[in-house]
Amino acid sequence: MTKDPKPRPVRGVRTRAVHGPHATPPGPAGTPIVHSATFSFASLAAMKAEQALGPRGAFYQRYGHPTLRACEQRLAALEDTETALLFSSGMAAISAVFMSLLAAGDHVVCLDQSYGGTHALLAWGAERLGWSYDLVDARRPGEWERAFRAETRLFHVESPTNPILCVVDLRQAAELAHRRGARLAVDNTVASPIGQQPLAHGADVVMYSATKSIGGHSDLLAGAVAGPAPALEGVWKVRKIFGAVPDPGVAWQIERSLKTLPLRVEAANASALEIARRLTEHPGVAAVHYPGLPGHPGHAIASRQMPMGFGPLLAFEVRGGAGAAEQTVQAFQLVRHAPSLGGVESLASLPAFTSHVQLGPEGRARAGIAEGLVRLSVGIEEAADLWADLDQALTRAAVLDV
Ligand code: PLP
């Protein structure tokens, strides 16, 4: 792969979000959408030269595309890294990283608290591709090393985890992975590239469901991988082989969303912290999980790792258990009952009935997921309006539950 043009010196995050990494030539202020899957050439030599540019070239969309590239460069600039690649979903991005790093016989260590889709990918790969894996508890870092074997090639983590917001010390995870001859891959979806930069803490590669904060408006499905160019060579190859590239229109939507990512993330993080604090004092709430709260076991690490706030996601346990939690979610008038996160609109879900239903009550208890847990992805609405909605819903649920 050849290199992108030399980026300008590092500027502030909002400036990088709006202007991207390179000087914009006179002309359109926004990136033009190139609605073409293929590109023509004056000679075979010119075609070969373009093809050799890989993801940076304009040869054929599955290889690389100018509208995708503009978005990828802006994302890499926000991540403060060399390069990024877009995918058609977060799972396509994670699958491409796993496919690029793992061969039959290789072993993976992954968090028990990781996204369910990642567990499904690991199980499928173990059955069909000959990988093996072990799950470790994010809350017990002292036990992680015991899961490593001579053939461990990958340590895959998320931080904070979904839904109970366990915090992983990324530097410690990177040190462990590297000492044991493995790579550290971080799914940074919950924090976003604004909230946390795992590569700066030693991770080898970072992945996103761009469907969440990066897209930010709950209106597109996409994924991304970011990291140093050599680390992404193999990931690009998998993208080219399996073909999980987004449409140029979606890449353009993501690029436009990146311009406001710092503003959206800062606003959501600030509201999430305020709501988490208020929830701790609400009589209808038994427990609140949010790394921004001083009592959270990961607070000190998160304060170090997440300089822009503690993320848009929090979870709380409603007094009265599963029934009361269901009543609460049904009583919301502003917050919507939906399974995603990181959008401008606040969304609530009930992990015991949705994302973690397959664990059963015992598995959920082991993973620390209470039956009355409500997961809340805080959007950019006024915090006072969100609080009014939460308060009335919790009060109504408490009345209905007696
Ligand atoms: N990683 C995390 C942490 C997620 O929450 C999700 C989806 O909810 C994914 C990955 C998968 O992303 P997508 O739905 O875009 O494939």
Side-chain angles (χ1 to χ4, degrees), residues 71 75 84-99 108 110-125 135 138 154 156-168 170 185-196 198 203 205-226 235 238-239 242-247 250-251 253-254 257 265 268 289 291 306 310-315 336-343 345 347-351 353-358 367 369 373 375-378:
C71 179
L75 179 59
L85 291 169
L86 288 179
F87 285 84
S88 50
S89 71
M91 281 317 301
I94 297 168
S95 303
V97 170
F98 284 23
M99 298 271 194
V108 183
C110 178
L111 299 183
D112 202 4
Q113 288 86 354
S114 284
Y115 177 61
T118 304
H119 287 179
L121 167 65
L122 284 169
W124 177 83
L135 300 177
L154 178 64
H156 175 82
V157 304
E158 294 173 27
S159 184
T161 63
N162 168 20
I164 56 160
L165 291 311
C166 304
V167 174
V168 167
L170 297 176
V186 179
D187 180 339
N188 200 33
T189 298
V190 170
S192 91
I194 302 300
Q196 176 171 269
V205 65
V206 57
M207 292 150 294
Y208 293 99
S209 166
T211 315
K212 310 299 185 317
S213 298
I214 289 178
H217 297 73
S218 307
D219 56 4
L220 60 85
L221 190 81
V225 180
V235 180
V238 175
R239 188 180 76 167
F242 285 85
V245 284
D247 181 81
V250 170
Q253 259 180 296
I254 298 170
S257 296
V265 169
H289 305 269
M306 305 179 78
F310 299 91
L313 202 62
L314 60 89
R336 305 222 193 145
H337 183 190
S340 198
L341 64 101
E345 58 288 280
L347 303 177
S349 65
L350 296 161
F353 297 97
T354 54
S355 52
H356 294 76
V357 69
Q358 77 285 359
I369 299 167
L373 192 76
R375 186 188 82 171
L376 181 68
S377 170
V378 177

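Both ligands and their constituent atoms are indexed starting at 1 by order of listing.
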S.K.: Among all protein heavy atoms, pick out the one at the shortest distance from atom 1 (N) of ligand 1; state its residue, atom name and that distance to 0.1 Å.
M.R.: Asp187 OD2, 2.7 Å
S.K.: Heavy atoms only, cut-off 4.0 Å: how does Ser340 contact ligand 1, side chain, backbone, both, or neither?
M.R.: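 Ser340 to ligand 1: no contact under 4.0 Å from either part.
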S.K.: Measuring from the heavy atoms of Ala222, does anything fall under 4.0 Å of ligand 1?
M.R.: yes
S.K.: So, Ser114 side chain and Cys110 main chain: donor-acceptor pair closer than 3.5 Å or not?
M.R.: no
S.K.: What residues, two or more places apart in sequence or in another chain, satisfy salt bridge (Lys or Arg N to Asp or Glu O under 4.0 Å) together with Arg375?
M.R.: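 Once residues adjacent in sequence are excluded, Arg375 has no partner under the salt bridge (Lys or Arg N to Asp or Glu O under 4.0 Å) criterion.
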S.K.: Would Leu221 count as a contact of ligand 1 if the rule is a heavy atom under 4.0 Å away?
M.R.: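 Yes, Leu221 has heavy atoms under 4.0 Å from ligand 1.
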S.K.: Quick one: OG1 on Thr189 to CG on Leu313, what's the gap to the nearest 0.5 Å?
M.R.: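 Going from the OG1 atom of Thr189 to the CG atom of Leu313 covers 11.0 Å.
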S.K.: Yes or no: does Ile94 have any heavy atom under 4.0 Å from an atom of ligand 1?
M.R.: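 Heavy atoms of Ile94 do come under 4.0 Å of ligand 1.
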S.K.: Within ligand 1, which atoms have a heavy atom of Glu158 less than 4.0 Å away?
M.R.: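 Numbered from 1, ligand 1 contributes 3 (C).
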S.K.: Are any of the N/O atoms in Gly90 less than 3.5 Å from those in ligand 1?
M.R.: yes
S.K.: Among all protein heavy atoms in this structure, tell me which lies nearest to atom 15 (O) of ligand 1, with the distance rounded to 0.1 Å.
M.R.: Thr211 OG1, 2.6 Å
S.K.: Are any side-chain N or O atoms of Gln113 and backbone N or O atoms of Ala138, one a donor and one an acceptor, separated by less than 3.5 Å?
M.R.: yes
S.K.: What's the shortest distance from atom 11 (C) of ligand 1 to any protein heavy atom, and which residue and atom give it?
M.R.: Tyr115 CE2, 3.5 Å
S.K.: Is a donor on one side and an acceptor on the other found under 3.5 Å between the side chain of His119 and the backbone of Leu111?
M.R.: yes
S.K.: Is there a polar contact between ligand 1 and Lys212, counting only N or O atoms under 3.5 Å apart?
M.R.: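 Yes.
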S.K.: Checking Asn188 against Tyr208 for the side chain to side chain donor-acceptor pair (under 3.5 Å) test, could you report, in this order, the C-alpha distance in whole Å, the side-chain angles of both residues, the deciding distance, and whether it holds?
M.R.: CA-CA 6 Å; Asn188 200 33; Tyr208 293 99; 2.9 Å; yes
S.K.: Measure the distance from atom 16 (O) of ligand 1 to every protein heavy atom, then report the residue, atom name and distance (to 0.1 Å) of the closest one.
M.R.: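 Checking every protein heavy atom, the shortest distance to atom 16 (O) of ligand 1 gives Met91 N, 2.9 Å.
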S.K.: Residues in side-chain hydrogen bond (donor to acceptor under 3.5 Å, both in side chains) with Thr161, at least two apart?
M.R.: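 Here no residue qualifies.
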